[in-house]
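Presented below is the structure to which this report refers.
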Amino acid sequence: MSRKKVLVLGGNFGGLTAALAVSHELHGDVDIRVISASDRFLFNPSLIWLPFGKRRPADITFPLAPTFENHGIEFTHAEATGIDLAAQKVTAATGTYDYDYLVIATGYRNNFGVVPGLGPDGNAYTITTLDDAIHAGEGWRRFLDNPGDIVVGASQGAGCFGAAYEYLFNVSYRLRKAGLKKQVKLTYVSAEPFLGHFGIGGLPHGESLLSMFLKKEHITAVLNTGMDRVEENRLVLADGRSIGFSYAMIVPPFIGQEVVRSAGEIADDKGYVKVRDTYQAHGYDNVYAVGIAAAVSVPWQTATPVGVPKTGFPTERMAHVAARNIAAQIRGETPRAHEEFGDMPAVCVMDAGNNGVIILADKMLPPRKHGLLIPGPQAHAMKLGFEKYFLWKARHGYVQLP
Ligand SMILES: Cc1cc2nc3c(=O)[nH]c(=O)nc-3n(C[C@H](O)[C@H](O)[C@H](O)COP(=O)(O)OP(=O)(O)OC[C@H]3O[C@@H](n4cnc5c(N)ncnc54)[C@H](O)[C@@H]3O)c2cc1C
């Protein structure tokens, strides 16, 4: 019998983990190919440090081809442009690839369209991609020569609030180091209904802890607000209020990649794949989606739309669930691994320059039994250590390690 073909789209947290985990589950007895638009792995959590020169792109990326080759996985550096579910084929500039099992791990794109004035040619920076963070760093260096007030925020529909908070506190830390803290007014603007909501509904004492952090750093918060537009040096809120700035970093909402939309019925209106708790797409038992590409639903509605952060930890968990199920199917068994996104533990560190908060909860989404926030400098040390550990683990393909 010919070996089964597993095709993985995307080579970052979700794709890299899924491809290597399938190979591990089947002891290499399977043909796996990864097609990725980027030829490098990017440790996105460290993008918060890049604009300040604390990290260079080479520090937080590594080439994907050697990692996959060392594990007997084919790697194609190309953007997938079409998915034909009926024919079980994926199209890319480099050719057409057929599959028995498909894993979609194509992550996110910025949706700058929600607020006029956001985006690469707009009036505020963002840090959610490598290019954006490099650009934000160029702006930061210009700012240091000619300082003024700063706005850091997350727009309506954004989900990646952790990155906004981390950038906010890192900006505050950098301002102090540059001797600018007293003269610069720093404002946090967010769609969250309350401080420390984080897009996961908040955690016990989270609001008071974040309030304390903001007070200590003399940061003003404007919450539960949409943004109308970003003009040159001025953020106009949905209710007409405006805040002036010399430098602004705003996290936009994310949407799925165009290629997911090409798959038709399995895509939702944001371009994410509608999945079951096995990470199989609805209606297609041989098609999986993991990480940010997988659609998740949240148990609340907020006055200002708030997205959900699909962070690295649940992304890896989804990839392992998918890998176990693909391996089971290839062995002729029923796929039995399952775990709802909302039931996965929340494990995260919010960095604050030389300080931070360790965030732990038994579940990503409420109702929860346990949630714990541990502030202190050990959180910053933990983030530094985790970055090194994760890049080592991923580069060597040791995805079975925690
Ligand atoms: C600034 C920032 C800070 C963050 N901080 C943290 C943190 O502290 N802790 C945490 O747990 N998480 C954090 N996250 C979230 C974390 O980065 C995500 O959970 C993770 O990146 C999701 O991985 P993914 O593989 O699903 O998607 P992505 O990382 O988006 O990877 C998608 C991959 O697919 C490729 N791709 C895209 N389109 C195509 C296509 N058409 N064809 C082929 N390949 C394609 C891309 O090139 C990329 O390699 C942060 C995210 C950001 C942006």
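Read the numbers this way: they start at 1 and go in the same order the structure lists the ligands and their atoms. Keep in mind that the numbers below use all heavy atoms, side chains included, and drop hydrogens, waters and symmetry copies. Throughout, numbering of the chain's residues begins at 1 and tracks the sequence.
Remark: Glu258 engages Arg109 in a salt bridge, criterion side-chain N to carboxylate O under 4.0 Å. Under a 4.0 Å N-O distance rule, the pair Asp285/Arg276 qualifies as a salt bridge. Comment: Glu265 does not engage Lys274 in a salt bridge, judged by the lack of any side-chain N to carboxylate O separation of less than 4.0 angstrom.
Of the polar atoms of Thr311, at least one N or O is found under 3.5 Å from an N or O of ligand 1, judged by distance alone. At under 3.5 Å, not a single nitrogen or oxygen of Leu9, backbone or side chain, sits near a nitrogen or oxygen of ligand 1. Ligand 1 has no N or O atom lying under 3.5 Å from any N or O atom of Thr128, backbone or side chain.
Near Glu79, the atoms of ligand 1 lying under 4.0 angstrom from a non-hydrogen atom of the residue are 40 (C), 41 (N), 42 (N). Short contacts between ligand 1 and Ile127, defined as distances under 4.0 Å to a heavy atom of the residue, involve ligand atoms 1 (C). For ligand 1, the atoms closer than 4.0 angstrom to any heavy atom of Ile35 are 43 (C), 44 (N). Atoms of ligand 1 lying under 4.0 Å from any heavy atom of Ala78, numbered from 1 in the order shown and given with element: 43 (C). Annotation for ligand 1: atoms under 4.0 Å from non-hydrogen atoms of Ala105 are 32 (C), 33 (C), 34 (O). Those atoms of ligand 1 that come under 4.0 Å of a heavy atom in Lys310, given as number and element, are 18 (C), 19 (O). Short contacts between ligand 1 and Gly291, defined as distances under 4.0 Å to a heavy atom of the residue, involve ligand atoms 26 (O). Within ligand 1, the atoms closer than 4.0 Å to a non-hydrogen atom of Gly14 are 24 (P), 25 (O), numbered from 1 in the order shown.
The closest approach between any non-hydrogen atom of Cys348 and ligand 1 is below 4.0 Å. Within the structure, the closest approach of Glu258 to ligand 1 does not fall below 4.0 Å when heavy atoms are considered.
The protein heavy atom nearest to atom 8 (O) of ligand 1 is Lys383 NZ, 3.2 Å. In this structure, atom 4 (C) of ligand 1 lies nearest to the protein heavy atom Pro45 CA, 3.6 Å. Looking only at heavy atoms of the protein, atom 12 (N) of ligand 1 is closest to Gly312 N, 3.2 Å. For atom 53 (C) of ligand 1, the nearest protein heavy atom (residue, atom name, distance) is Tyr108 OH, 3.3 Å. Looking only at protein heavy atoms, the nearest one to atom 20 (C) of ligand 1 is Phe13 CD1, 3.7 Å. Looking only at heavy atoms of the protein, atom 48 (C) of ligand 1 is closest to Asn12 CB, 4.1 Å.
A cation-pi arrangement is present between Lys310 and Tyr272, with the terminal nitrogen or guanidinium carbon under 6.0 Å from the aromatic centre and inside a 45° cone about the axis.
A centroid separation of 6.0 Å or more is found between the aromatic rings of Tyr398 and Phe390.
Taking the six-membered ring for Trp and thresholds of 30 and 60 degrees, His396 and Trp392 have ring planes inclined between 30 and 60 degrees apart. Aromatic ring orientation, Tyr125 versus His135: perpendicular (interplanar angle above 60°, classes split at 30° and 60°). The aromatic rings of Phe143 and Trp140 sit parallel to each other, their planes meeting at less than 30°, with 60° as the upper class boundary. Relative ring orientation between Tyr108 and Phe254 is described as parallel, the plane-to-plane angle staying below 30° on a 0-90° scale split at 30° and 60°.
For atom 44 (N) of ligand 1, the nearest non-hydrogen atom from the set Ala18, Ala37, Pro309, Ser262 belongs to Ala37. Ranked by closest heavy atom to atom 22 (C) of ligand 1, the top entry among Thr76, Asn44, Ile292 is Ile292. When Gly256, Gly10, Ala163, Ala80 are ranked by how near their heavy atoms come to atom 1 (C) of ligand 1, first place goes to Ala163.
Heavy atoms of Thr106 found under 4.0 angstrom from ligand 1 belong to the backbone as well as the side chain. Under 4.0 Å from ligand 1, the heavy atoms of Thr315 that appear belong solely to its side chain.
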| task | Quick one: do Phe41 and Phe13 satisfy ring pair (Phe, Tyr, Trp, His ring centres under 6.0 Å)? Show the steps, please. | result | CA-CA 8 Å; Phe41 183 92; Phe13 286 75; 5.3 Å; yes

| task | Go through Phe169 and Tyr188 one step at a time and tell me if the ring pair (Phe, Tyr, Trp, His ring centres under 6.0 Å) criterion holds. | result | CA-CA 10 Å; Phe169 293 124; Tyr188 178 63; 8.0 Å; no

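With 3.5 Å as the limit, one finds no donor-acceptor pair spanning the side chains of Asn170 and Tyr165. Using modelled atom types and a 3.5 Å distance limit, the side chains of Gln88 and Asn286 yield a donor-acceptor pair.
By the neighbour-count criterion of 12 heavy atoms within 6.0 Å, atom CD of Glu74 is sparsely surrounded, having that number or fewer from other residues, nucleotides or ligands.
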